[in-house]
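Okay, so here's the structure we're looking at.
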Amino acid sequence: MKFFIDTANIKEIKDAHSMGMVDGVTTNPSLIAKEEGKFEDIIKQICEIVDGPVSAEVIGLDTKTMVKEAKNLAAIASNIVVKIPMTIDGIKAVKILSQEQIKTNVTLIFSPLQALMAAKSGASYASPFVGRLDDLSQDGMTLVEQIVDIYDNYAFDTEIIVASIRNPIHVLEAALMGADIATIPFNVLSKLAAHPLTDKGIDAFLADWNKAKK
Ligand code: E4P
């Protein structure tokens, strides 16, 4: 499974990249708004650090504006993926962009039929938001399971990015279900590496070593 990092923070991206854990990056307008600097400059900088796909989102809501914005974004770097919201105008834009070989990530997916439409429109990636469903007492990971089945049934090339990840269990379940990608916030990535028995084991080894070598 590929790990993307879900942030626009350069320090976090560099840190995760140095662990070898960044196969790609996803951003959204809220993540960009948290950072200093202009949108395009931030995206350009991310694309210089990371070889894999970097998702940057359009702001327009009608097909024509989305396609125009998408072309500008795609011109920033060869690894740009244009994030398009899951609306009728959005999937029309995805259809046009896929015919022009511009990669797209359909975002804000909350139902399996939205994911089916994203794949049929030619999206490169589909992003189901699991955490936001869990927040409403719906099971986000059940949605991912259904999308994995649908995409397998019809051999769609669209890759599933499990998004809106809140904890390591989301990542584990995504891996067990065979989702292509998990896009992980930096704080969750750090938690994946941690185990109290690892820390306890290191402490015990060092204590024994220091006792024996006195
Ligand atoms: C990913 O593409 C989304 O930008 C992100 O995962 C949304 O996460 P949130 O629900 O924590 O805002």
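All values reported here derive from a predicted model rather than from experimental measurement. Atoms within a ligand are numbered from 1 in the order they appear, just like the ligands themselves. All residue numbers refer to positions in the sequence shown, counting from 1.
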Any idea which protein heavy atom is nearest [atom], and the distance to it?
atom                    : value
atom 5 (C) of ligand 1  : Asp6 OD2, 2.9 Å
atom 7 (C) of ligand 1  : Phe129 CE2, 3.6 Å
atom 12 (O) of ligand 1 : Arg132 NH2, 2.8 Å
atom 8 (O) of ligand 1  : Ser164 CA, 3.4 Å
atom 11 (O) of ligand 1 : Arg166 NH1, 2.7 Å

Problem - Asp62 side chain to Thr65 side chain, donor-acceptor N/O pair below 3.5 angstrom - result: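 Judged by distance alone, the side chains do pair up.
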Exercise for the section: Heavy-atom contacts with Lys83 under 4.0 Å: which atoms of ligand 1 show up? List them by number with element. Expected result: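 Numbered from 1, ligand 1 contributes 1 (C), 2 (O), 3 (C), 4 (O).
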Handout entry: Per-atom contacts, ligand 1 versus Asn28 - under 4.0 Å to a heavy atom
Key =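 Those of ligand 1 that fall under 4.0 Å from Asn28 are 3 (C), 4 (O), 5 (C), 7 (C).
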Practice task
Look at the side chain of Asp6 and the backbone N and O of Ile184, then say whether any donor-acceptor pair between them is shorter than 3.5 Å.
Solution key: no
What donor-acceptor contacts under 3.5 angstrom involve side-chain atoms of residues 30-58, with partners at least two apart or in another chain?
residue, atom, partner, partner atom, Å
Glu35, OE1, Asn9, ND2, 3.2
Ser55, OG, Asn105, ND2, 3.1

Practice task
Count the heavy atoms belonging to other residues, nucleotides or ligands that lie under 6.0 Å from CG of Asp152, then report whether that count exceeds 12.
Solution key: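 Counting other residues, nucleotides and ligands, CG of Asp152 exceeds 12 neighbours.
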Practice task
Taking all non-hydrogen atoms of both residues into account, name the closest pair between Leu143 and Phe110 and its distance.
Solution key: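 Nearest heavy atoms, Leu143 then Phe110: CD2-C, 3.7 Å.
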Practice task
Indicate, with yes or no, if Met141 and Ile169 share a hydrophobic cluster defined by side-chain heavy-atom contacts under 4.5 Å among Ile, Leu, Val, Met, Phe, Trp and Tyr.
Solution key: no
